[in-house]
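What follows is one structure encoded as structure tokens, with my remarks underneath.
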Amino acid sequence: MIAENIKRLREEIQNTCMASGRNPDEIKLVAVSKYFGIKAITEAGNNGITDFGENKAQELRDKYKILGNKVTWHFIGTLQKNKVKYVVNAAALIHSVDSQQLVDEINKQAIKLGKVQDILLEVKTSSEETKGGIIGEEKIFQLAEYCTVLANVNLIGLMTMAPFTDDKTAIRKSFKELRNLKDNLNKQGYKLTGLSMGMTSDYKIAIEEGSTIIRIGTAIFGPRDYSKDWREL
Ligand SMILES: *Cc1c(COP(=O)(O)O)cnc(C)c1O
């Protein structure tokens, strides 16, 4: 099933790119493997998926212990300071950075590991309480500037989650806002390339609005069973 899902998804990405004048090579597909086990990840890997996204620090740590750098890991979830070390050890890209405190801790752990950690700033582009991210252009500019002084943190772009709704206009508005922010930062001299936006339900709109990284779980792995531990799968 995973193989067919990936094939179908790739076709749809291709079609969406064609229709919106984009080159499919510009879009990185991150398979969101949270709640899924090593078997599913391996199957996706055998079908050409190279990048996997996790939203819990310990789950990433433990999967990293098993698979290491055979795949490229992304961290996409809420991050607590005391768990940053696990994430910096495993992730090529952290999508969900939304405070100066977090940037400091990432820099600190990256220094310890002798790495430069690529990050994205998560921006809150919807009014949903449950969603994280920085609010307001001024705050985003401040944090972006702060990143430039830290040697072991490399800001490469922005990430957002659109509101959970059927209202396509509202979803598109979120994605446009993120893209505008990136453009405004680049006008100030930044060279941001990454726009992490789009999930199973809204990735087509995200691609139309300039996404360069889509984070897809359900369309690849099927629905998540929150009652099970990934180790049992
Ligand atoms: C779970 C998750 C996804 C993937 O969601 P799907 O709807 O299953 O594609 C993408 N981004 C983040 C931040 C997530 O937590």
Side-chain angles (χ1 to χ4, degrees), residues 1-2 4-13 16 27-37 40-41 43-44 47 49-61 63 71-80 83 86-87 90-99 102 118-126 128-135 156-168 170-171 174-175 177-178 194-209 211-230 233:
M1 190 186 73
I2 289 174
E4 286 160 39
N5 286 350
I6 291 169
K7 187 164 176 282
R8 192 180 326 117
L9 178 62
R10 288 219 187 272
E11 281 166 11
E12 305 238 323
I13 292 169
T16 309
I27 292 153
K28 182 175 284 297
L29 172 58
V30 174
V32 177
S33 46
K34 63 189 186 192
Y35 292 93
F36 284 93
I41 295 175
E43 190 177 344
N47 285 279
I49 302 286
T50 55
D51 290 67
F52 293 86
E54 293 288 337
N55 75 333
K56 295 210 182 81
Q58 282 108 324
E59 190 168 333
L60 173 59
R61 176 195 66 191
K63 286 176 176 173
V71 306
T72 300
W73 296 102
H74 296 248
F75 190 76
I76 61 173
T78 308
L79 189 49
Q80 285 158 342
K83 290 172 187 157
Y86 306 138
V87 170
L93 180 61
I94 304 175
H95 295 227
S96 42
V97 181
D98 63 0
S99 72
L102 217 44
D118 284 346
I119 66 163
L120 304 173
L121 295 182
E122 181 173 356
V123 179
K124 189 166 158 74
T125 56
S126 81
E128 281 172 34
E129 293 289 330
T130 54
K131 294 199 163 72
I134 310 154
I135 304 167
I156 65 164
L158 305 175
M159 178 272 221
T160 200
M161 285 173 90
F164 184 69
T165 171
D166 290 332
D167 179 356
K168 292 204 163 118
I171 293 169
S174 259
F175 295 152
E177 185 182 330
L178 196 73
L195 270 185
S196 172
M197 52 189 205
M199 315 178 16
T200 294
S201 58
D202 57 21
Y203 73 86
K204 290 181 185 172
I205 302 173
I207 289 173
E208 289 164 7
E209 296 303 332
S211 174
T212 65
I213 308 172
I214 55 174
R215 312 177 307 267
I216 309 288
T218 312
I220 292 175
F221 296 109
R224 289 177 283 275
D225 183 347
Y226 294 104
S227 71
K228 285 211 176 70
D229 188 283
W230 63 270
L233 296 170

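Order of appearance sets the numbers: ligands from 1, and atoms from 1 within every ligand.
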Atoms of ligand 1, numbered as shown, that sit under 4.0 Å from any heavy atom of Ile216: 9 (O)
field: Numbered atoms and elements of ligand 1 in range of Met161, under 4.0 angstrom, heavy atoms
entry: 13 (C)
- prompt: Within a strict 4.5 Å, meaning less than it, do heavy atoms of the Ser126 and Met161 side chains meet?
  reply: no
In terms of residue, atom name and distance, what is the protein heavy atom nearest to [atom]?
{"atom": "atom 15 (O) of ligand 1", "result": "Lys34 NZ, 2.7 Å"}
{"atom": "atom 5 (O) of ligand 1", "result": "Met199 CE, 3.4 Å"}
{"atom": "atom 8 (O) of ligand 1", "result": "Thr218 OG1, 2.5 Å"}
{"atom": "atom 12 (C) of ligand 1", "result": "Ile76 CD1, 3.5 Å"}

message: Tell me whether the rings of Tyr35 and Tyr226 are parallel (<30°), tilted (30 to 60°) or perpendicular (>60°).
response: perpendicular
Glu59/Lys34 salt bridge by N-O under 4.0 Å criterion: no
message: Test of understanding: given a 4.0 Å heavy-atom threshold, classify the contact between His95 and ligand 1 as side chain, backbone, both, or neither.
response: neither
- prompt: Does ligand 1 have a heavy atom under 4.0 Å from the side chain of Val32, from its backbone, from both, or from neither?
  reply: side chain
query: Looking just at side-chain N and O atoms, do Thr16 and Glu208 make a donor-acceptor pair shorter than 3.5 Å?
result: no
message: With no hydrogens and no angle check, just 3.5 Å: does a side-chain donor-acceptor pair link Thr160 and Thr125?
response: yes
Can an N or O of [X] be found at a distance shorter than 3.5 Å from an N or O of ligand 1?
{"X": "Thr200", "answer": "yes"}
{"X": "Arg215", "answer": "yes"}
{"X": "Gly217", "answer": "yes"}

- request: Could you pull out the closest heavy-atom pair between Thr200 and Ala219, with the gap in Å?
  value: OG1-N, 3.1 Å
- prompt: Between Trp230 and Lys63, is there a cation-pi geometry (under 6.0 Å to ring centre, at most 45° from the normal)?
  reply: yes
- request: Any chance you could lay out the side-chain contact (heavy atoms from CB on, under 4.5 Å) test for Ile207 and Ile13, step after step, and finish with the verdict?
  value: CA-CA 8 Å; Ile207 289 173; Ile13 292 169; 4.0 Å; yes
